[in-house]
Protein chains: 2
Amino acid sequence: MPESAHVSRIRSGRRTDIRQQNERLILDAAEKVFAEAGFGGATMQLIADMAGLPKANLHYYFPTKEDLYRRVVQNIFEIWLDAASSFDGAAGPVEGIGAYIEAKMDISRRHPHGSKVWAAEVMHGAPVIQDYLETTLRDWTEGRIAVIRRWIDEGKMAPIDPRHLLYMLWATTQHYADFGHQIETLNAGAALSDRQWREATESVKQIILRGIGAL
Amino acid sequence: MPESAHVSRIRSGRRTDIRQQNERLILDAAEKVFAEAGFGGATMQLIADMAGLPKANLHYYFPTKEDLYRRVVQNIFEIWLDAASSFDGAAGPVEGIGAYIEAKMDISRRHPHGSKVWAAEVMHGAPVIQDYLETTLRDWTEGRIAVIRRWIDEGKMAPIDPRHLLYMLWATTQHYADFGHQIETLNAGAALSDRQWREATESVKQIILRGIGAL
DNA sequence: TCGCATCCTGACCGTATGGTCAATACGAAG
DNA sequence: CTTCGTATTGACCATACGGTCAGGATGCGA
């Protein structure tokens, strides 16, 4: 679908803005194309068409396809990390994990392409973000495990293995983005409505919070 | 990693076997390469090297890359459907869903490549298996939803939305295959041991079965 | 108005890849 | 041994893709 969209990009005179504006345009297009075609299946030409720019212009802002891809993945990782803060400052699992589920479901709805790119990157062995996994993600994970352990010690939830609980949170919430197409197909071909998203989020919260004995 | 493995394939004289044998060899290699590189990133040459056959030979058995890919995806879908039978003939959710989780976790461990290929296929909009989603999968899903509804009516579990329960089952179990690399990284870089797989399976069963009020 | 840095882009290039083909080897049946 | 269908393979081809580049447009500051 080479839909050459966004033709109406406004060129505010400001010289500095142009760079930022075009990079945004390219990154958005790239995220979508990488998500739908994978890194290998994506072509610079397709991304260029979708961004409404000539291909050579992409290479002006992003020297190589890898550079562009790296930026897309990093963007996602940052969004993903922001949701992590939902976990903090919570009195117990009901608030903390509940808020985290809500935040991650929201990301799945608002950034489905990003989620898919991230998933594909990990599935391919994380060639680009291995270091993030080993540093930022590992640290974050250890921190949350400690929090969950504390909640368990305080009797606020059942003695569940915190690691597998985290995996379940990631898996369940991201599934609504990564497997969105399958879910739509099983939903008579229609995207989930506001109401259905709310129901999905509630179902996930219900099952998990009850499952860990926090309700 | 062009490791030209499986050099020691035995040529049992039987003429008919050769086809089956080589197709198996090629399909196994293809599954791995497609999983690790994606459809676009996979090359017939890489698959050929991994299968220990000349590239032209692949095209003798599978005319095009798409044909080969289609076969790989279909193989996975069949394995995936087999696990579905765990659901049947169960007296209640503890047996039915418990067995289903065990079966799917087992598949995630034994067929991680296949699971990834399936995930990528769905993420890309299911260009190859859309019809399966709309027929076989939809039918299977409706059937299980009916079963779950019955269990709810019989008071064997809480009134959970069956659809979202199924999504959670798929998401959670397949996560251990699709995001296996991430899980390994968070496991000090080591693959999960037998014991850890058992703990993972038990954790998932615990949380979900308790979460739906079946315990 | 001029100079200069930034931005833009059509045309081009080398390479990698999917796929073809013609020639050959193989082995079972007669 | 001959025949014939199946299997094998190196060499080859057309195409598509990532990336380059030289020349030009643009607009800001002096």
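Chain naming here is simple, since letters A, B, ... match the order of the sequence lines and numbering starts at 1 in each.
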Do any side-chain nitrogens or oxygens of [X] fall under 4.0 Å of OP1 or OP2 in [N]?
X       : N     : value
B:Asn22 : D:dT8 : yes
B:Tyr60 : D:dT8 : no
B:Arg19 : D:dA7 : yes

Find the distance [X]:[atom1] to [N]:[atom2] and express it as a whole number of Å.
X       : N      : atom1 : atom2 : result
B:Tyr61 : D:dT6  : OH    : P     : 12 Å
B:Asp17 : C:dG27 : CG    : P     : 14 Å
A:Glu23 : C:dC8  : CD    : C1'   : 15 Å
A:Asp67 : D:dT20 : CG    : P     : 10 Å
B:Asn57 : D:dA11 : CG    : P     : 16 Å
A:Ile47 : D:dG18 : CD1   : C1'   : 11 Å
A:Ile26 : C:dC7  : CD1   : P     : 11 Å
A:Leu46 : D:dA16 : CG    : C1'   : 12 Å

> To the side chain of B:Pro54, which of C:dC7, D:dG10, D:dA7 is closest?
Replying inline: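 Nearest to the side chain of B:Pro54 among the choices is D:dG10.
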> Nearest to the side chain of B:Ala56, which nucleotide is it out of C:dC21, D:dA7, C:dG10?
Replying inline: C:dC21
>> If the condition is side chain to side chain contact (heavy atoms under 4.5 Å, CB included), which residues does B:Ile107 pass it with, not counting sequence neighbours?
In response: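 Partners of B:Ile107 under the side chain to side chain contact (heavy atoms under 4.5 Å, CB included) test: B:Ile79, B:Ala83, B:His111.
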> Minimum heavy-atom separation for A:Trp151 to A:Ala90, with atom names?
Replying inline: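 Taking every non-hydrogen atom into account, CZ2-O, 4.0 Å.
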> Which salt bridge (charged side-chain N to carboxylate O under 4.0 Å, His left out) pairs, counting each pair once, include a residue from residues 69-83 of chain B, with sequence neighbours left out?
Replying inline: B:Glu23-B:Arg71
> Going by the salt bridge (charged side-chain N to carboxylate O under 4.0 Å, His left out) test, which pairs reach into residues 108-119 of chain B, not counting sequence neighbours?
Replying inline: B:Asp106-B:Arg110, B:Arg109-B:Asp194
>> Roughly what angle, to 10°, lies between the helix axis at the start of the helix from C:dT1-D:dA30 to C:dG30-D:dC1 and the one at its end, five pairs per end?
In response: 0°
> For B:Glu134, what residues pass the side chain to side chain donor-acceptor pair (under 3.5 Å) criterion, not counting sequence neighbours?
Replying inline: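 For B:Glu134, the residues satisfying side chain to side chain donor-acceptor pair (under 3.5 Å) (neighbours in sequence not counted) are B:Gln130.
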> Given the rule in the side chain to side chain donor-acceptor pair (under 3.5 Å) test, do B:Glu121 and B:Tyr69 qualify, once you have shown the distances and angles that lead to the verdict?
Replying inline: CA-CA 10 Å; B:Glu121 164 70 9; B:Tyr69 175 74; 2.6 Å; yes
>> Checking side-chain polar atoms at under 3.5 Å, does A:Gln74 have a donor or acceptor matched by the opposite partner on A:Tyr132?
In response: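 Side-chain D/A pair, A:Gln74 to A:Tyr132: present.
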> So, are B:Lys32 and B:Asp28 salt-bridged, with charged N and O less than 4.0 Å apart?
Replying inline: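 Salt bridge absent between B:Lys32 and B:Asp28.
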> Is the shortest side-chain N to carboxylate O distance from B:Arg138 to B:Glu142 below 4.0 Å?
Replying inline: no
> What is the nucleic acid contact for A:Phe62, judged by heavy atoms within less than 4.0 Å: base, sugar-phosphate only, or nothing?
Replying inline: nothing
Short N/O separations, protein against nucleotides 16-19 of chain C, under 3.5 angstrom:
unit_1 : atom_1 : unit_2  : atom_2 : d
C:dG18 : OP1    : B:Ala42 : O      : 3.1
C:dG18 : OP1    : B:Lys65 : NZ     : 3.2
C:dG18 : OP2    : B:Met44 : N      : 2.9
C:dG18 : N7     : B:Lys55 : NZ     : 3.1
C:dG19 : OP2    : B:Lys65 : N      : 2.7
C:dG19 : N7     : B:Lys55 : NZ     : 3.1
C:dG19 : O6     : B:Lys55 : NZ     : 2.7

